[in-house]
Student: 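Sharing a structure here in structure tokens format.
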Amino acid sequence: LISHPGLSRTMVAFNARTAIASLFACAVLFMVAVPSKNTLGHGLSTRASPVACGVAPRSVMVMAHKKGSGSTENGRDSNSKRLGLKVTHGKVVPEGSIIFRQRGQTVHPGKNVRVGKDYTLYAAKEGVVQFSNGAVNRGAKHKRIRKIAHIIPVEAVENVESA
């Protein structure tokens, strides 16, 4: 028996007996002879957890023999939205034709140009497309120069050419 100055002889014997009994219980818990599909080859089940006893021997652990079917982060792509300029500067367009498709307003509407609900710019009248840079909102906080799309009506172009 182990001698300890603070413990009596019966207490040391009792502690040793409980330690041996708990180790034996762990061994019995881990090596349960139950018929199972997960056996180590000698009829012992691997279902009982050695972690419950606080002991996890690496030699007894069973690893997976089939690869897990993990998910992939790739494998998807969205269709292109075909945004951008549809009619260049100086071209004649009919009424209602799309000039510029965009997400948000990168190009702002000018004269005879309207904005669709998805910020698409389209011609309100038949005429020639003209792009310019200028201040859109003239407030104190809106001094930034932006791109603006205009439609110059066909009648105005014909009057200028005939003069």
Student: For L121 and A149, which heavy atoms make the closest approach, and how far apart are they?
Tutor: CD1-CB, 4.1 Å
Student: Is there a path of hydrophobic side-chain contacts, each under 4.5 Å between heavy atoms, that joins V107 and I99?
Tutor: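 Per the 4.5 Å side-chain linkage, V107 and I99 are co-clustered.
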Student: For R114 versus A124, what's the shortest heavy-atom pair and its separation?
Tutor: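 Heavy atoms of R114 and A124 come nearest at CG-CB, 3.8 Å.
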Student: For residues A123 and P94, report the shortest heavy-atom separation together with the two atoms involved.
Tutor: CB-O, 3.8 Å
Student: Begin with the C-alpha distance, continue with both residues' side-chain angles, and end with the deciding distance and a verdict on side chain to side chain contact (heavy atoms under 4.5 Å, CB included) for H108 and K147.
Tutor: CA-CA 6 Å; H108 290 260; K147 294 181 199 100; over 6 Å; no
Student: Identify the two heavy atoms, one from H150 and one from G110, that lie closest to each other, and give their separation to 0.1 Å.
Tutor: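 Reported closest heavy-atom pair: ND1-CA, 3.4 Å.
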Student: Under the side chain to side chain contact (heavy atoms under 4.5 Å, CB included) rule, what do F100 and V113 come out as? Steps first, then yes or no, please.
Tutor: CA-CA 10 Å; F100 201 90; V113 176; over 6 Å; no
Student: Could you grab the distance from atom CD1 of I152 to atom CD of Q130, nearest 0.5 Å is fine?
Tutor: 4.5 Å
Student: Looking only at heavy atoms, what is the nearest atom pair of I151 and G127, with distance?
Tutor: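 The pair with the smallest heavy-atom distance is CG2-CA, 3.7 Å.
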Student: Only pairs at least two apart or in different chains count here, so list each side-chain hydrogen bond (donor to acceptor under 3.5 Å, both in side chains) that has a residue in residues 116-127.
Tutor: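 Matches after skipping sequence neighbours: R101-D118, R101-T120, D118-T120.
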Student: With sequence neighbours excluded, tell me which residues meet side chain to side chain contact (heavy atoms under 4.5 Å, CB included) with V87.
Tutor: K91, V93, V129
Student: Checking R146 against Q105 for the side chain to side chain contact (heavy atoms under 4.5 Å, CB included) test, could you report, in this order, the C-alpha distance in whole Å, the side-chain angles of both residues, the deciding distance, and whether it holds?
Tutor: CA-CA 10 Å; R146 295 188 168 95; Q105 276 197 337; over 6 Å; no
